[in-house]
K.L.:
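Right, I'll just put the structure down here and ask away after.
Note that the numbering runs from 1 along the sequence shown for the chain.
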Amino acid sequence: MTAPNPMQNAASASTALLLLAAGASTRMGQPKQLLPYRGRTLLRHAAETAVASGCAPIVLVTGALNEALTSEVTGLPIQTIHNPDWETGMASSIRAGLLAVQAAQPRAVLVMLSDQPHVTPELLQQLIQRQQQTQAPIVAAAYGDTLGVPAVFAETVFPELLMLQGQAGAGRLIAGYCAAVERVDFPAGLLDVDTPEQYAALLINS
(Lines give C-alpha, C1' and ligand atoms only; values in the text may rest on other atoms or scores of the structure.)
Protein backbone atom coordinates (compact mmCIF):
# COMPACT_ATOMS: atom_id res chain seq x y z
CA MET A 1 0.00 0.00 0.00
CA THR A 2 1.24 3.48 -0.89
CA ALA A 3 2.15 5.62 2.11
CA PRO A 4 -0.23 8.54 2.72
CA ASN A 5 0.87 11.85 1.28
CA PRO A 6 0.67 14.50 4.05
CA MET A 7 0.10 17.32 1.55
CA GLN A 8 -2.66 15.33 -0.12
CA ASN A 9 -4.26 14.64 3.24
CA ALA A 10 -4.18 18.34 4.15
CA ALA A 11 -5.83 19.31 0.87
CA SER A 12 -8.57 16.73 1.32
CA ALA A 13 -9.17 17.77 4.91
CA SER A 14 -9.85 21.35 3.83
CA THR A 15 -12.40 20.15 1.28
CA ALA A 16 -15.96 19.30 2.29
CA LEU A 17 -17.88 16.64 0.37
CA LEU A 18 -21.54 16.53 -0.56
CA LEU A 19 -22.92 13.10 -1.46
CA LEU A 20 -26.23 13.71 -3.22
CA ALA A 21 -28.81 10.92 -3.00
CA ALA A 22 -32.14 12.74 -2.87
CA GLY A 23 -33.78 11.52 -6.08
CA ALA A 24 -36.74 9.17 -6.40
CA SER A 25 -35.13 6.90 -9.05
CA THR A 26 -38.21 7.13 -11.28
CA ARG A 27 -36.39 5.74 -14.34
CA MET A 28 -35.10 2.78 -12.35
CA GLY A 29 -38.47 1.91 -10.85
CA GLN A 30 -36.92 1.24 -7.44
CA PRO A 31 -34.49 3.11 -5.16
CA LYS A 32 -31.22 2.84 -7.05
CA GLN A 33 -29.27 3.97 -3.98
CA LEU A 34 -30.16 0.61 -2.37
CA LEU A 35 -29.33 -1.66 -5.31
CA PRO A 36 -26.73 -4.34 -4.49
CA TYR A 37 -23.21 -3.77 -5.80
CA ARG A 38 -20.10 -5.74 -4.82
CA GLY A 39 -21.54 -6.97 -1.56
CA ARG A 40 -23.01 -3.66 -0.46
CA THR A 41 -25.47 -1.10 -1.80
CA LEU A 42 -24.59 1.55 -4.34
CA LEU A 43 -25.00 4.17 -1.63
CA ARG A 44 -22.75 2.38 0.85
CA HIS A 45 -20.14 1.95 -1.88
CA ALA A 46 -20.29 5.68 -2.68
CA ALA A 47 -20.19 6.60 1.00
CA GLU A 48 -17.11 4.47 1.66
CA THR A 49 -15.45 6.01 -1.38
CA ALA A 50 -16.25 9.48 -0.03
CA VAL A 51 -14.74 8.65 3.36
CA ALA A 52 -11.60 7.21 1.77
CA SER A 53 -11.06 10.50 -0.08
CA GLY A 54 -10.07 12.15 3.22
CA CYS A 55 -12.58 14.97 2.83
CA ALA A 56 -14.20 16.52 5.89
CA PRO A 57 -16.93 17.17 6.71
CA ILE A 58 -18.95 14.77 4.57
CA VAL A 59 -22.69 15.31 4.21
CA LEU A 60 -25.17 12.88 2.69
CA VAL A 61 -28.22 14.70 1.33
CA THR A 62 -31.36 12.56 1.23
CA GLY A 63 -34.78 13.35 -0.14
CA ALA A 64 -37.32 10.84 -1.41
CA LEU A 65 -35.89 8.34 1.08
CA ASN A 66 -34.38 9.30 4.39
CA GLU A 67 -34.39 6.59 7.07
CA ALA A 68 -33.35 3.78 4.71
CA LEU A 69 -30.47 5.82 3.30
CA THR A 70 -29.37 7.09 6.70
CA SER A 71 -29.06 3.51 7.95
CA GLU A 72 -26.81 2.69 4.98
CA VAL A 73 -24.07 5.01 6.28
CA THR A 74 -24.15 3.77 9.87
CA GLY A 75 -20.68 3.69 11.37
CA LEU A 76 -19.20 6.11 8.85
CA PRO A 77 -18.15 9.71 9.68
CA ILE A 78 -20.96 11.14 7.60
CA GLN A 79 -23.65 13.62 8.58
CA THR A 80 -27.04 13.00 6.98
CA ILE A 81 -29.45 15.80 6.23
CA HIS A 82 -32.90 15.52 4.70
CA ASN A 83 -33.81 17.96 1.94
CA PRO A 84 -37.57 18.49 2.20
CA ASP A 85 -37.53 20.35 -1.11
CA TRP A 86 -35.90 17.51 -3.07
CA GLU A 87 -38.77 17.39 -5.58
CA THR A 88 -37.84 20.86 -6.83
CA GLY A 89 -34.60 19.47 -8.26
CA MET A 90 -30.92 18.99 -7.56
CA ALA A 91 -30.26 22.68 -6.87
CA SER A 92 -32.07 22.45 -3.53
CA SER A 93 -29.95 19.46 -2.47
CA ILE A 94 -26.71 21.25 -3.34
CA ARG A 95 -27.91 24.27 -1.37
CA ALA A 96 -28.93 22.17 1.65
CA GLY A 97 -25.62 20.33 1.67
CA LEU A 98 -23.53 23.46 1.27
CA LEU A 99 -25.35 25.23 4.09
CA ALA A 100 -24.70 22.20 6.30
CA VAL A 101 -20.91 22.34 5.81
CA GLN A 102 -20.39 26.11 5.89
CA ALA A 103 -19.74 26.22 9.63
CA ALA A 104 -16.58 24.19 8.99
CA GLN A 105 -15.36 26.94 6.62
CA PRO A 106 -14.06 24.59 3.91
CA ARG A 107 -11.83 26.06 1.20
CA ALA A 108 -13.61 23.95 -1.41
CA VAL A 109 -16.47 21.50 -1.72
CA LEU A 110 -16.56 18.28 -3.72
CA VAL A 111 -19.94 17.26 -5.14
CA MET A 112 -20.54 13.60 -6.00
CA LEU A 113 -23.51 11.36 -6.71
CA SER A 114 -24.45 7.93 -5.43
CA ASP A 115 -25.01 6.45 -8.92
CA GLN A 116 -21.47 6.65 -10.34
CA PRO A 117 -20.01 3.38 -9.03
CA HIS A 118 -16.71 3.71 -10.89
CA VAL A 119 -15.71 6.78 -8.89
CA THR A 120 -12.66 5.95 -6.76
CA PRO A 121 -10.94 7.68 -3.83
CA GLU A 122 -7.98 8.23 -6.17
CA LEU A 123 -10.16 10.14 -8.65
CA LEU A 124 -11.57 12.31 -5.88
CA GLN A 125 -8.07 13.05 -4.60
CA GLN A 126 -6.94 13.93 -8.13
CA LEU A 127 -9.77 16.45 -8.43
CA ILE A 128 -8.90 17.97 -5.06
CA GLN A 129 -5.19 18.15 -5.81
CA ARG A 130 -5.78 19.77 -9.21
CA GLN A 131 -7.91 22.45 -7.61
CA GLN A 132 -5.31 23.10 -4.91
CA GLN A 133 -2.50 23.28 -7.46
CA THR A 134 -4.25 25.48 -10.03
CA GLN A 135 -6.61 27.43 -7.75
CA ALA A 136 -9.19 27.01 -10.51
CA PRO A 137 -12.74 27.94 -9.52
CA ILE A 138 -13.93 24.49 -10.63
CA VAL A 139 -12.25 21.17 -11.39
CA ALA A 140 -14.58 18.67 -13.03
CA ALA A 141 -14.46 15.08 -14.22
CA ALA A 142 -14.33 14.68 -18.01
CA TYR A 143 -16.12 11.79 -19.70
CA GLY A 144 -17.32 11.66 -23.29
CA ASP A 145 -18.42 15.15 -24.23
CA THR A 146 -19.29 15.96 -20.63
CA LEU A 147 -17.62 17.97 -17.91
CA GLY A 148 -19.47 17.09 -14.76
CA VAL A 149 -19.50 15.60 -11.31
CA PRO A 150 -17.69 14.53 -9.34
CA ALA A 151 -16.34 18.05 -9.29
CA VAL A 152 -14.61 20.39 -6.86
CA PHE A 153 -15.81 23.96 -6.39
CA ALA A 154 -13.63 26.60 -4.75
CA GLU A 155 -15.14 28.70 -1.97
CA THR A 156 -15.29 31.67 -4.37
CA VAL A 157 -18.01 29.76 -6.24
CA PHE A 158 -20.13 28.95 -3.17
CA PRO A 159 -22.46 31.96 -3.64
CA GLU A 160 -23.28 30.77 -7.17
CA LEU A 161 -23.90 27.22 -5.97
CA LEU A 162 -26.35 28.62 -3.42
CA MET A 163 -28.16 30.56 -6.15
CA LEU A 164 -28.86 27.53 -8.37
CA GLN A 165 -32.58 26.94 -8.79
CA GLY A 166 -34.88 24.09 -9.76
CA GLN A 167 -33.50 21.23 -11.82
CA ALA A 168 -30.20 23.04 -12.36
CA GLY A 169 -27.42 20.93 -10.96
CA ALA A 170 -23.72 21.55 -10.76
CA GLY A 171 -23.47 20.94 -14.51
CA ARG A 172 -25.00 24.31 -15.31
CA LEU A 173 -22.42 26.13 -13.24
CA ILE A 174 -19.59 24.07 -14.75
CA ALA A 175 -20.80 24.94 -18.26
CA GLY A 176 -20.98 28.61 -17.35
CA TYR A 177 -17.32 28.74 -16.36
CA CYS A 178 -16.20 27.28 -19.70
CA ALA A 179 -12.42 27.57 -20.18
CA ALA A 180 -11.84 28.40 -16.50
CA VAL A 181 -12.75 24.83 -15.57
CA GLU A 182 -9.87 22.42 -15.05
CA ARG A 183 -10.54 18.80 -16.01
CA VAL A 184 -9.52 15.36 -14.82
CA ASP A 185 -10.15 12.54 -17.29
CA PHE A 186 -12.64 9.96 -16.05
CA PRO A 187 -13.72 7.82 -19.03
CA ALA A 188 -15.51 5.34 -16.75
CA GLY A 189 -17.88 8.16 -15.82
CA LEU A 190 -19.90 7.41 -18.95
CA LEU A 191 -21.64 4.69 -16.97
CA ASP A 192 -24.07 5.82 -14.33
CA VAL A 193 -27.04 3.88 -13.04
CA ASP A 194 -30.35 5.46 -14.02
CA THR A 195 -32.14 2.57 -15.72
CA PRO A 196 -32.48 -1.20 -15.26
CA GLU A 197 -30.44 -1.66 -18.45
CA GLN A 198 -27.56 0.43 -17.10
CA TYR A 199 -27.64 -1.50 -13.82
CA ALA A 200 -27.53 -4.80 -15.69
CA ALA A 201 -24.53 -3.55 -17.70
CA LEU A 202 -22.80 -2.54 -14.47
CA LEU A 203 -23.22 -6.00 -12.97
CA ILE A 204 -22.00 -7.72 -16.13
CA ASN A 205 -18.84 -5.60 -16.23
CA SER A 206 -18.06 -5.69 -12.51
Side-chain angles (χ1 to χ4, degrees), residues 1-21 37-38 42-43 45-61 78 90-91 93-94 97-98 101 104 106-161 164 168-194 198 201-202 205-206:
M1 182 180 292
T2 304
N5 183 326
M7 291 184 65
Q8 188 177 71
N9 290 348
S12 297
S14 65
T15 302
L17 188 149
L18 309 183
L19 176 55
L20 306 184
Y37 178 66
R38 294 184 175 178
L42 282 174
L43 177 58
H45 175 77
E48 291 177 356
T49 299
V51 171
S53 73
C55 290
I58 300 173
V59 171
L60 167 66
V61 184
I78 294 178
M90 190 176 291
S93 289
I94 292 173
L98 189 55
V101 302
R107 288 186 290 190
V109 65
L110 192 158
V111 176
M112 66 178 287
L113 307 178
S114 61
D115 63 353
Q116 292 181 303
H118 293 311
V119 168
T120 63
E122 292 75 21
L123 172 69
L124 300 182
Q125 289 164 357
Q126 276 186 280
L127 292 163
I128 294 163
Q129 285 293 307
R130 183 70 58 84
Q131 197 282 320
Q132 292 283 316
Q133 290 163 359
T134 64
Q135 292 298 299
I138 302 173
V139 179
Y143 36 96
D145 297 325
T146 300
L147 275 177
V149 293
V152 176
F153 300 84
E155 61 184 328
T156 55
V157 183
F158 290 1
E160 292 171 85
L161 283 172
L164 290 172
R172 179 173 296 182
L173 193 55
I174 292 168
Y177 269 77
C178 302
V181 178
E182 287 282 326
R183 64 175 61 207
V184 172
D185 288 335
F186 176 44
L190 286 169
L191 176 65
D192 56 13
V193 185
D194 283 329
Q198 289 171 330
L202 171 67
N205 294 310
S206 294

K.L.:
Measuring only between side-chain heavy atoms, which start at C-beta, is Leu173 closer than 4.5 Å to Phe153?
P.N.:
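Sidechains of Phe153 and Leu173: in contact.
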
K.L.:
Please give me the minimum heavy-atom distance between Ala154 and Gln131, naming the atom from each residue.
P.N.:
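Taking Ala154 first and Gln131 second, the nearest heavy atoms are CB-NE2, 3.5 Å.
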
K.L.:
If I take atom CG from residue Leu127 and atom CD from residue Glu182, how far apart are they, to the nearest 0.5 angstrom?
P.N.:
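If we round to the nearest 0.5 Å, Leu127:CG and Glu182:CD are 11.0 Å apart.
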
K.L.:
For Ser93, give me all partners under side chain to side chain donor-acceptor pair (under 3.5 Å), at least two apart in sequence or on another chain.
P.N.:
Asn83

K.L.:
How would you list, by chain and number, every residue that makes a ring-ring contact (aromatic ring centres under 6.0 Å, His included) with Tyr37, sequence neighbours excluded?
P.N.:
His45

K.L.:
Who are the side-chain contact (heavy atoms from CB on, under 4.5 Å) partners of Glu48, not counting sequence neighbours?
P.N.:
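Partners of Glu48 by the side-chain contact (heavy atoms from CB on, under 4.5 Å) criterion, ordered by chain and then number, come out as Arg40, Arg44, Leu76.
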
K.L.:
Taking all non-hydrogen atoms of both residues into account, name the closest pair between Val59 and Gly97 and its distance.
P.N.:
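That would be CG1-CA, 4.4 Å.
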
K.L.:
Holding to ring-ring contact (aromatic ring centres under 6.0 Å, His included), I want the full list of residues that pass it with His118, two or more places apart in sequence or in another chain.
P.N.:
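Not a single residue meets the ring-ring contact (aromatic ring centres under 6.0 Å, His included) criterion with His118.
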
K.L.:
Using modelled atom types only, decide if a donor and an acceptor are shared between the side chain of Gln116 and the backbone of Val149 within a distance under 3.5 Å.
P.N.:
yes

K.L.:
Hey, could you give me the CD1/SG distance between Ile128 and Cys55, rounded to the nearest 0.5 Å?
P.N.:
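Taking CD1 in Ile128 and SG in Cys55, the distance rounds to 3.5 Å.
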
K.L.:
Salt bridge (Lys or Arg N to Asp or Glu O under 4.0 Å) with Glu160: which residues, sequence neighbours excluded?
P.N.:
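Expected list: none.
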
K.L.:
Let me confirm one number: the CD1-CG distance from Ile78 to Leu43, rounded to the nearest 0.5 Å.
P.N.:
7.5 Å

K.L.:
Could you state the interatomic distance from CE (Met112) to CG (Leu60), rounded to the nearest 0.5 Å?
P.N.:
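Output value for this atom pair is 10.5 Å.
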
K.L.:
Please list all pairs passing the salt bridge (Lys or Arg N to Asp or Glu O under 4.0 Å) test where one or both residues lie in residues 133-145, with sequence neighbours left out.
P.N.:
none

K.L.:
According to salt bridge (Lys or Arg N to Asp or Glu O under 4.0 Å), does anything in residues 116-127 pair up with another residue at least two apart or in another chain? List the pairs.
P.N.:
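Sorted pair list comes back empty.
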
K.L.:
What distance separates Leu124 CG from Thr15 OG1, expressed to the nearest 0.5 Å?
P.N.:
10.5 Å

K.L.:
Please report the shortest heavy-atom distance between Pro121 and Ser53, naming the atom on each side.
P.N.:
CB-N, 4.3 Å

K.L.:
Report the residues that fulfil side-chain contact (heavy atoms from CB on, under 4.5 Å) with Met90, sequence neighbours left out, ordered by chain and then residue number.
P.N.:
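With sequence neighbours excluded, Met90 shows a side-chain contact (heavy atoms from CB on, under 4.5 Å) to Leu20, Ile94, Leu113, given in chain and number order.
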
K.L.:
Can you name the residues that form a salt bridge (Lys or Arg N to Asp or Glu O under 4.0 Å) with Asp185, not counting sequence neighbours?
P.N.:
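So Asp185 forms no salt bridge (Lys or Arg N to Asp or Glu O under 4.0 Å) with any residue.
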
K.L.:
Supply the atom-to-atom distance Arg183 CZ to Leu147 CG, rounded to the nearest 0.5 angstrom.
P.N.:
4.5 Å

K.L.:
List the residues meeting side-chain contact (heavy atoms from CB on, under 4.5 Å) with Thr146, not counting sequence neighbours, and say none if there are none.
P.N.:
Tyr143

K.L.:
Donor-acceptor pairs under 3.5 angstrom involving side-chain atoms of residues 134-142: please list them, not counting sequence neighbours.
P.N.:
unit_1 : atom_1 : unit_2 : atom_2 : d
Thr134 : OG1    : Arg130 : O      : 2.7
Thr134 : OG1    : Ala136 : N      : 3.2
Gln135 : NE2    : Gln132 : O      : 2.9

K.L.:
Mind listing the closest non-hydrogen atom pair of Ala46 and Leu19 along with its distance?
P.N.:
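Taking every non-hydrogen atom into account, CB-CD1, 4.0 Å.
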
